[in-house]
Structure formats: C-alpha cells, structure tokens
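Every chain is numbered from 1, with letters handed out A, B, ... down the list of sequences.
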Amino acid sequence: MEVILAIVIGALYAAGLYMMMRRSFVKLVIGLSLLGYASSLLIFTVNGVTRGQPPLVQEGMTQPVEPFADPLPQALILTAIVIGFGVQAFALVLFKRTYQSANTDDLDGIKSTEESGKVRSPEMT
Amino acid sequence: MSIFLLLPVLVPFLTAVVTMLFWHERLIQRRVNVVGGIAFFVAALGLLALVWRDGIQATQIGNWPAPFGITLVADLFSAIMVVMAGLMGLVVAVYSLGSIDERREAFGYYPLLHTLLMGVSGAFLTGDMFNLYVWFEVMLIASFVLMALGGQRDQLEGALKYVTINLLSSALFLTSVGILYSVTGTLNMADLAHQISSGAVDSGLATVLAMMFLVAFGIKAGLFPLFFWLPASYHTPPIAITALFSGLLTKVGVYALVRVFTLIFVQDVDYTHTLLMVIAGLTMVTGVLGAVAQTEVRRLLSFHIISQIGYLLMGLGLFTELALTGVIVFMVHVIIAKSALFLVSGIVRQVAGSYDLKQLGGLYRTNAGLAALFFLPALALAGLPPFSGFWAKLTLVRAGLETEEYAIVAVSLVVSVLTLFSMTKIWAEAFWKDRPGQDEAFQPLLSPQRIALLGPVIVLAALTVILGLGAEPLIDLGTEAAAQLLNPSEYIQAVLGDVA
C-alpha cells in the first residue's frame, strides 16, 4: 500500500510541477492544486498507513490498543485542504480577471510589471 | 496564562471584524482603523514590557498541555517583532487615510489590512510548526487580496506571480511539516528542539529537513535565487500596501528562518549556517546590482529590500551572540527605514505626479522638508552615522571580523557603498536636478491629507535618527534577545516545563 501511494505522490508532484511550467493560466491552476494534493497525500503516507485500527478507546481502557492510526496527520490534512480550497477559489478568480484584462492566457504575455516606466500608478484612479 | 500573549492577535482580529460590520460606513471604518492600529501597538508594547521584565512567556491554547496543544510563546525576539508589526500597522493605518482611494476603501481595504496584521503577529507568536503554516496562510490570503484590490492590469499581473510563487512555497512548507512530524512525532517547536538536540533524530535527516524549510521560507523572505517574484509584484499595489509588505512580509520569512535555524536545526551548524552565509552574500550583491538598473522608484526600492534581507541572513549565518544582536538591531532599523522610503516616494508621487526618476526633479527647491524626509532614512539605509543603520551594520561587521569571516564582511561593506550610490541616484534625480518640462506646477498637499501622509513619515524618519543617536537601549535589548536565541533551553523550559 505505501509503495503504491509513494508512486502516486511522486507522480502528483511531477505532474503538478510540469503543469506549472506550461504557459497556460488554466494549467498553472491545475498544477497548483495537484501540488496541494501531493503534499496532503504525502503527510498521510509518510506518517504511516494503519488499516482497520481507528484511534478509539475500548470500553474499560484508558488508551487505544497499539497499533492505531495516528489521527493528527488527518487533522493536518483536513486543515490544509480547507485552506487550499479557499486559496484555489481565489486564484481561479484572480486568473480569470487577469485573463480578461491582459487579454491573453499565455504566461509569457504578462510582462507589464517587468517593463520599467510603463507601470501605471494605482493612486491615479 | 497571560492575556498579553493573545492581545496582539485578538486586537487586529476585533478591528477587522468591527470594520467589516460597518461595511458601508467609510467614516466609521477609517476611525476604527486608527483606533485599532493604536490599540495593537499598545498591546505589542505591553507584551514587550512583560517579556523584558518576566522572561519568556508561554501559554497553552485551550489548556491542552504542551507538546500536544497549540502553544503561543513570546521570547524577546518575538516580542520585538510584534512591536515592529504594531508600529508598521499604526503607521500604515494612518497613511492609508490620506492615500487609499474611496473605491478600495469601499471594497474592504481596512478589514484586510488588519487581517494581515493578525496573521503577522500570529506567525511571530506561535510555538507550533503547523500553526505557523496556518498563520502564514492567514497573512498570505490577506496579502493576495490587498495586492489585487483595485483590479488594475499591473496589479492583477503582479498578484498572479505573487500568488503562484507563494502557493508553491506553502506546498513545500506543508510537505516539510508533514515529514518533520513523521520523523519526530511532534510539531511543537520547543519539543522539536529538544528532540533534535538530544539526538533522537538522525542528523543527516534533520539537515535535509532544514534545507526544505530553507527553500520554503527563503521564497517568502526573498533570498537569492528565489526572489524574482518580489520586484515583479511589490511595486504594483498602492504605496501604503507596498510599504506594509516591504516592512513585514519578507521579514516574517526571515523571522521563521531565524527561529528554525537557532532553535531547531542547530545539529550541523558548520554546514547549514555556512550555506546561509553564502546565500546571504549572493542575496546582498544581486539585490543591490538589480537596483542599479532601475529608474522606477518603487522597483528600485524593491530590489533594495532583497539586498537588505542579505544582511539579516548574514547575521544568522555568523551565528554568534553579537551577530544575532546585529540581526535584531538591523531588523528594527530596516523595517523603519525601508517603509519610510516607500512612504516618502508615495508623497513624491502625490506632489510631482510620477514614480519615474526620469520625469521627476526639482523637488528640493520647492519641498525642502520632503527632501529632508527622504534624506534621513536614505542615509540610514546606506548605513551612515549617526543614523540607525550605522549601528546595525557596525554590529554585523564586528561580528564578522570576530569570527574571521572576512569575505562576507567585505561583501557587506561593498554593498553598503552601492546602496549609498543608489540612494544618491534617487536624491540627485528626484530632488536635486532641474525638473524636465517645467510647465506643470507641483500639486500642493491638502491639509487633512497632509497630516495623514506626512505624520507617519516624520515619525519614521525621526526614529531612524533617534535610534542612531541613542542606540544603546536598542542594542541592549538586541543583546538580551540574542542571548535567548542562542540558549534555547530557556525557551524549551518556558514551553514544556522541566524536561530532562
């Protein structure tokens, strides 16, 4: 199980980075979410996959029977997913707005911040 | 249990909530914003006073005992950083009153500003690695929106780059946190320090983790060669936001680096801290050389942010008490001087209508006061006596000489000269030379705007002089804080109680 997950994680990181290096906005967003999934899955796997052993305390005992699944990584992943969800929603809107104002979805086409002297002052409006 | 530890997080939170409740009432938002800024600064000063008097403070949220619950902890370094966040928050809150347009105010500028401050002070105060990640995200999400707020093309393009690189860095940070937990079984910083120093973790593995954190925090701090997003995005939002970002966001990255490389990853100082020093040198040089080619004031100053980050890292790399004192003094100095320069350039923009050095000129003749307000922090940034930067650089250089790291000392001195050159360039172009195209007159500042814009800048410029002429209290404070950083047992004991 761990081996399969490890391969999946590696593939997710590779795919995420590959997508980020393409020039399209959409692929960039997909790449970012793949990276997020990869790190969540990595936290899950690297902390040990324990099957069928929930961390529940049996009646009459003070702690769960070893070995039990560590609940903390799952709590971390849950938090990371929620944060990632919000950030990706924002990123999608931002990328759409950028596409509309720059009129291109090619990352090489958004150079106005690099050209000295052409940057307008935000205070002008 | 101390309420003072929570106030620097709670006050900006409450301010953000209250300003959000008055969404359509701009005037109330503006007032609450200033009151909240003052309250945050006072709360931060209170925390610093408490830590100075009683030593390191720690509190367990929800009374879950460490290392299981989330810990908030303030040593002197954290407390100093929170005070700087408070100062920057107040200064920018006031400056915003005179410089942020109505449309941005109507779309939640003030709630976002205070949410950002909450994230920053949370990051300074937390004693838990995963909680640090969460505070980073709070801060980043607020900064994403602040950068894009207004929706102009440059802003959106800058924000796109900024968001992308920061999400990449967050993913890397999260990955490192996950692996760190699997290796040590804990995320509490004090417990991590205890585990790694007691040799429970293979030191090679710890070094690998240290490098992962170095890249993750290095992107946020703007280290060589990970800084390219910074000059591509920082100059696009309104100047008040740029000043706040330059003052606080990269510094949070540096804070995280200092924290992990003094508390946790000290298992192989020869390797890790030498690497830090090499990166420090390269960061200084590339930053200052990048600035030489710029003629847009905000972009020029953005490149200087990078070179100044190099000095902070240099002190961390030297890793002696004197060097860490230098880091803290330099941190205080550079936050003040840098944001003062950005805010002054905002006023120049108001008066003369441009950020471009080629179009500026002649300001000294008509606005001598403004010229002086630029001159003081500019000289401080270059490190001339008697300003604050002189003592900060002197401390770092002395620390370098004491440890016989002559190469980094030489680099830092050369970069100082180049910084001075850059500052003289702005001075000569914007203030001294004759104005090209004399026809249009300078716009005078209107009186309510005048106070909001000039007040914060005068305070910051005065601070660079005061901290230069009376540097001793700050250096004493820095020495004490550095001693705490170099002696983690005090920190560990404050969080975990007595451990073997």
Can you measure from CZ (B/Phe130) to CG (A/Leu72) and round to the nearest 0.5 angstrom?
8.5 Å

Measuring only between side-chain heavy atoms, which start at C-beta, is A/Phe95 closer than 4.5 Å to B/Leu156?
no

What's the spacing between A/Leu35 CG and B/Leu168 CG if we round to 0.5 Å?
6.0 Å

Could you report the tightest heavy-atom contact between A/Ser39 and B/Ala171, atom names first, then the distance?
CB-O, 3.9 Å

Relative to chain A, which segment of B/Val145 carries a heavy atom at a distance below 4.5 Å: side chain, backbone, both, or neither?
both

Nearest heavy-atom approach of B/Glu157 to A/Ala102 is OE2-CB, 3.6 Å

Are more than 12 heavy atoms, taken from residues, nucleotides or ligands other than B/Arg450, located less than 6.0 Å from that residue's CZ atom?
no

Give every donor-acceptor pair under 3.5 Å between a side-chain atom in residues 44-56 of chain A and any protein atom, sequence neighbours left out.
from, atom 1, to, atom 2, distance (Å)
A/Thr45, OG1, A/Leu41, O, 2.8
A/Asn47, OD1, B/Ser182, N, 3.1
A/Asn47, ND2, A/Ile43, O, 2.7

Partner chain A: residue of B/Glu137, B/Lys358, B/Glu102 with the largest heavy-atom pair count (under 4.5 Å):
B/Glu137

If I take atom OG1 from residue A/Thr98 and atom CG from residue B/Leu160, how far apart are they, to the nearest 0.5 angstrom?
5.0 Å

Given that the side chain runs from C-beta out, which part of B/Ala159 has a heavy atom under 4.5 Å from chain A: side chain, backbone, both or neither?
both

Decide if atom CD of A/Glu2 counts as having more than 12 heavy atoms of other residues, nucleotides or ligands within a radius under 6.0 Å.
yes

Straight-line distance of B/Leu167 CG to A/Met20 CE, nearest 0.5 Å
7.5 Å

Count the heavy-atom pairs under 4.5 Å between each of B/Leu172, B/Leu140, B/Leu174 and chain A, then report the option with the highest count.
B/Leu174

Against chain B, residues from residues 86-94 of chain A with at least one heavy atom under 4.5 Å, in numeric order, are A/Val87, A/Phe90, A/Ala91, A/Leu94

For A/Phe68, does the CZ atom have more than 12 heavy-atom neighbours from other residues, nucleotides or ligands under 6.0 Å away?
yes

Taken to the nearest 0.5 Å, the spacing of B/Gln152 CD from A/Arg97 CZ works out to 10.5 Å

Might you confirm whether atom NZ of B/Lys425 has over 12 heavy atoms from other residues, nucleotides or ligands at distances under 6.0 Å?
yes

Which answer fits A/Leu17, side chain, backbone, both or neither, if we ask what part of it has an atom under 4.5 Å from a heavy atom of chain B?
side chain

Dump the intermediate steps for side chain to side chain contact (heavy atoms under 4.5 Å, CB included) on B/Tyr133 and A/Leu76, then the final yes or no.
CA-CA 10 Å; B/Tyr133 166 77; A/Leu76 301 187; over 6 Å; no

